[in-house]
Amino acid sequence: FGGVAQERIQLNEDTLWAGGPYDPANPDALEAWPKVRELIFAGQYRQAADLVGQKMMARPLAQMPYQCVGDLLLTFADANEATDYRRDLNLDTAVATVAYTIDAVRYTREVFSSPVDQVIVIRLTADKPGKIAFTAGMKTPQKASVAVESPNTLVMQGVNGSSSRIAGALKYQARVTIVASGGQVAPGDGRITVSGADSALLLIAAATSHKSYKDVSGDPEALTKETIAKAGVKSFDALLKDHVAAHQELFRRVALDLGMTAAAARPTDERIRDLNKENDPQLAALYFQFGRYLLISSSRPGCQPANLQGIWNESMSPPWQSKYTININTEMNYWPAEPTNLGECVEPLVAMVMDLTETGARTAKTMYNAGGWVTHHNTDLWRASAPIDGPHWGMWPTGGAWLCLHLWDHYDYSRDKEYLARVYPAMKGAAEFFFDTLVEEPTGKWLVTCPSLSPENGHPFGTSICAGPTMDMQILRDLFTNCIHAAEILGVDEDFRQKAAATRDRLAPNQIGGAGHLQEWLEDWDMKAPERHHRHVSHLYGLHPSDQIHVRTTPDVAAAARKSLEIRGDEATGWGIGWRLNLWARLHDGEHAYKILTMLLRPERTYPNMFDAHPPFQIDGNFGGTSGIAEMLLQSCAGEIELLPALPQAWPSGSVKGLRARGGFELDIQWKDGKLVNVTVRCLAGGSCRLRYGAVTRDLNLAKGQTAQWDGVQ
């Protein structure tokens with residue numbers, strides 16, 4: 001936090017959530033489900049919603065919140081007025097630094113969280129000897145105690161909180177070791193005081209007893225002791241070197257240059273405040289790379305996936321419980337992963353989906369008597385998969401199906417068949433649930449989901465509950481198609497492929513409504529819906545992240561999607577603006593996309609530290625923004641790799657290196673005066689692709705490791 005008299009290091013461990021293993025599936029749902037369908041098809045939507053609320057919602061109705069560990073507080077002895085203050089985060093090294101001068105002494109704090117040594121490292125230095133003096137203490141809202149274990153070690157240990165009558169089942173511990181160079185280290189009552197030191201090194205480790213969503217038998221004390229012991233034998237320089245190398249191996253894969261002006265030398269908060277008053281193209285590049293930094297920092301292999309706040313949460317009861325909201329927000333967190341060359345960061349999401357195939361199979365059987373697996377619009381550390389919150393938000397059975405798009409995309413960008421064989425059963429299981437639960441809609445005779453809803457948006461009949469919303473049909477179309485492709489690649493399940501194709505062909509189609517818009521529901525209700533400017537744009541899933549709708553392959557439907565966007569409006573929450581940015585980029589409207597980006601970057605939506613301001617904080621806007629910038633420069637969809645599809649006039653010249661495309665390709669692009677100069681294509685898997693720049697295309701067939709260049713001219 002960068003205080004002078006006191007520094008606060010707010011601590012999180014990504015398995016510290018409330019509660020313990022639990023199964024919220026509601027057995028009453030099985031009997032109520034047929035009656036709910038009857039009511040919906042009879043147009044009695046409110047009655048259907050009432051019955052869903054009474055009989056089909058999860059028990060408990062809420063999921064478990066992500067919680068904080070607590071704080072390490074450093075109180076400094078010299079608290080006279082500071083000058084020459086600077087606080088910065090270096091995205092290239094992932095080191096945060098605070099520096100200031102007091103009484104002609106320059107003090108510096110360096111902080112980083114090492115993915116190699118699994119510790120937070122803090123170094124305190126001064127440019128004159130004997131000037132480092134501080135007291136270290138810890139506090140937490142958890143049920144925990146803080147004690148001095150040895151002259152230089154603080155230990156916080158306790159148990160997690162309960163929530164919604166689910167008892168806390170986790171033990172946790174945070175351990176801080178202080179090594180001073182010179183001076184004195186004196187333990188006190190739950191505190192450690194350092195005085196007269198030349199420098200000090202602090203190592204912080206934290207762990208819980210969580211081993212999996214169904215196993216809480218871990219030993220956090222053993223884990224923190226081992227972690228500190230291993231890190232403690234290394235010097236600060238060695239810790240820093242290993243940390244930076246691990247970070248840069250991912251971060252430096254992509255470089256973005258959108259031009260530089262004098263504004264880039266100013267503090268970030270001023271640049272955000274004055275974005276619409278000055279030309280500052282580098283701010284968009286900084287925001288892009290900050291999003292990549294956040295994903296690297298919150299979603300490495302072996303971690304939990306990035307949640308609604310990534311990993312950064314100071315509360316016991318954060319907004320929306322800081323869960324995994326899988327009707328858009330969790331998926332948006334991972335939109336930039338593949339295109340911006342961070343495929344490894346998807347691994348925690350893949351691992352969560354594999355867990356959900358187990359818990360979701362119980363929910364499918366208990367609530368629907370169906371095979372396969374299902375997850376609704378939220379999940380948590382314990383992989384709860386039943387519908388939560390209430391009928392208006394929770395009765396949406398396609399969350400797991402949407403997550404399967406990320407399973408497929410990771411293959412599509414990498415072309416790793418061993419990985420595909422590992423995740424294919426999850427994709428197949430998601431499809432099998434819908435084989436058992438789709439129902440024929442009486443008017444159009446289409447197969448539809450029922451009950452369902454178009455996420456969080458009410459229709460004109462006093463609820464959101466309905467049958468066959470457009471988003472569901474689009475998600476299932478992708479699920480069945482990707483399952484078919486995966487089975488073909490793996491050479492398995494011919495009967496399943498045929499069933500998936502036949503089911504896909506009977507799904508309700510995209511429909512264009514009376515105002516020229518893409519309908520959100522089976523019926524043309526959009527212009528009568530109570531929230532015309534709703535934050536969700538669920539029925540545009542087919543435009544992005546899917547490519548079922550595209551300006552070249554389905555121009556009429558793309559025009560209807562554009563009309564829907566115009567009706568819905570540009571203003572939204574941070575993540576809602578982020579989604580709109582990606583959609584306008586897919587419509588190849590660079591100027592409108594840039595307008596949306598400036599809306600995302602304004603102070604109302606971006607804090608001075610660049611966190612997304614969906615008050616108090618929600619990280620998906622950051623990730624949606626990073627994805628949207630990538631989409632403006634490169635699109636890998638509709639069977640082609642399109643260069644500069646939504647380049648705005650504000651970025652007349654620039655370059656981007658290291659973006660990824662489907663098929664296993666990596667590209668470097670240069671442009672000048674709004675025109676493509678050159679693209680370099682590296683083939684990482686071996687195969688063919690079609691490049692497009694405007695109306696000109698170029699077909700390539702490259703061996704693994706081969707490189708090609710093109711200037712965009714036929």
Side-chain angles (χ1 to χ4, degrees), residues 254-259 281 284 288 338-341 409 412-413 415 542-559 561-562 581-594 597 627-714:
V254 174
L256 176 60
D257 178 6
L258 297 176
F288 171 87
E338 307 291 353
T340 75
N341 218 331
D409 280 351
D412 208 13
Y413 278 84
R415 298 302 167 99
L543 178 62
H544 185 279
S546 181
D547 63 356
Q548 295 171 36
I549 302 170
H550 194 275
V551 291
R552 283 195 310 279
T553 59
T554 60
D556 292 346
V557 186
R562 182 186 185 102
L581 170 60
N582 286 268
L583 291 164
W584 282 106
R586 280 285 175 93
L587 290 171
H588 295 179
D589 192 329
E591 299 313 310
H592 204 128
Y594 182 74
L597 178 60
S627 170
I629 292 168
E631 288 283 330
M632 294 168 76
L633 302 175
L634 176 72
Q635 292 178 17
S636 174
C637 59
E640 298 180 341
I641 301 172
E642 187 154 9
L643 312 172
L644 308 179
L647 184 70
Q649 295 179 12
W651 304 337
S653 300
S655 65
V656 63
K657 298 179 180 179
L659 293 182
R660 293 288 300 274
R662 295 177 187 277
F665 297 95
E666 186 176 287
L667 295 94
D668 302 340
I669 307 171
Q670 292 178 287
W671 68 95
K672 185 176 181 181
D673 298 328
K675 303 294 184 183
L676 177 68
V677 173
N678 184 68
V679 59
T680 301
V681 183
R682 290 179 291 279
C683 184
L684 307 180
S688 60
C689 67
R690 170 170 288 182
L691 301 179
R692 174 178 289 274
Y693 176 60
V696 184
T697 61
R698 172 86 176 271
D699 290 330
L700 299 176
N701 194 346
L702 303 176
K704 183 177 180 179
Q706 191 174 359
T707 299
Q709 295 195 359
W710 187 42
D711 60 4
V713 179
Q714 188 67 51

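What you see below is based on every heavy atom in this structure, not just the backbone, and it leaves out hydrogens, waters and symmetry mates. Keep in mind it's a predicted model, so treat the numbers as computed, not measured.
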**OP:** Taking Glu631 for its side chain and Leu581 for its backbone only, find out whether a donor-acceptor pair lies under 3.5 Å.
**Re:** no
Subject >> Qualifying residue, where the test is side-chain contact (heavy atoms from CB on, under 4.5 Å) with Leu583 and the options are Asp589, Ile549, Leu543 >> reply: Leu543
**OP:** Could you walk me through whether Glu640 and His550 pass the side chain to side chain contact (heavy atoms under 4.5 Å, CB included) test, one step at a time?
**Re:** CA-CA 11 Å; Glu640 298 180 341; His550 194 275; over 6 Å; no
Subject >> Donor-acceptor contact below 3.5 Å, side chain Asp699 vs main chain Arg690 >> reply: no
Original post:
What residues, two or more places apart in sequence or in another chain, satisfy side chain to side chain donor-acceptor pair (under 3.5 Å) together with Asp412?
Top reply: Arg415, Arg662
Subject >> Nearest atoms (heavy-atom pairs only) where Ala593 meets Ala585 >> reply: CB-N, 4.1 Å
Mind listing the side-chain donor-acceptor pairs of residues 645-656 below 3.5 Å, one per line with the distance, residues two or more places apart or on another chain?
residue	atom	partner	partner atom	Å
Ser653	OG	Asp673	N	3.0

**OP:** For residues Gly658 and Asn341, report the shortest heavy-atom separation together with the two atoms involved.
**Re:** O-ND2, 2.8 Å
**OP:** Check whether any side-chain heavy atom of Arg562 lies under 4.5 Å from a side-chain heavy atom of Trp584, and answer yes or no.
**Re:** yes
Original post:
How far apart are the closest heavy atoms of Gly590 and Met632, and which atoms are they?
Top reply: O-CE, 4.1 Å
Original post:
Which atom pair, heavy atoms only, marks the closest approach of Thr707 to Thr680?
Top reply: CG2-CG2, 3.5 Å
Subject >> Residue pair Leu644 / Leu633, side-chain heavy-atom distance below 4.5 Å >> reply: yes
Original post:
Any salt bridge between Asp668 and Arg682, counting N to O under 4.0 Å?
Top reply: yes
Original post:
Is there a side-chain contact between Ser636 and Phe665, using heavy atoms and a 4.5 Å cut-off?
Top reply: no
Original post:
Heavy-atom distance under 4.5 Å between the side chains of Gln635 and His588, does that happen here?
Top reply: yes
Subject >> Residues forming a side chain to side chain donor-acceptor pair (under 3.5 Å) with Thr554, sequence neighbours excluded >> reply: none
**OP:** Flag the pair Leu684 / Arg660 as yes when at least one side-chain heavy-atom distance between them is below 4.5 Å, and no otherwise.
**Re:** yes
**OP:** Determine whether Val679 and Ile641 make a side-chain contact, defined as any pair of heavy atoms from C-beta on separated by less than 4.5 Å.
**Re:** no
Subject >> Shortest non-hydrogen contact from Gly663 toward Ala685 >> reply: O-CB, 4.0 Å
**OP:** Check Gly259 against Pro281 and note the closest heavy-atom contact, atom names and distance.
**Re:** O-CG, 3.5 Å
Original post:
Taking the side chain from Arg586 and the backbone from Ser546, do they hold a donor-acceptor pair closer than 3.5 Å?
Top reply: yes
Subject >> Criterion side chain to side chain contact (heavy atoms under 4.5 Å, CB included) on Trp671 and Leu643, from CA distance to verdict >> reply: CA-CA 10 Å; Trp671 68 95; Leu643 312 172; over 6 Å; no
Original post:
Distance-only, no hydrogens or angles: does the Arg698 side chain make a donor-acceptor pair with backbone N or O of Trp710 under 3.5 Å?
Top reply: no
Original post:
Under a 4.5 Å cut-off applied to non-hydrogen side-chain atoms, are Leu676 and Ile669 in contact?
Top reply: yes
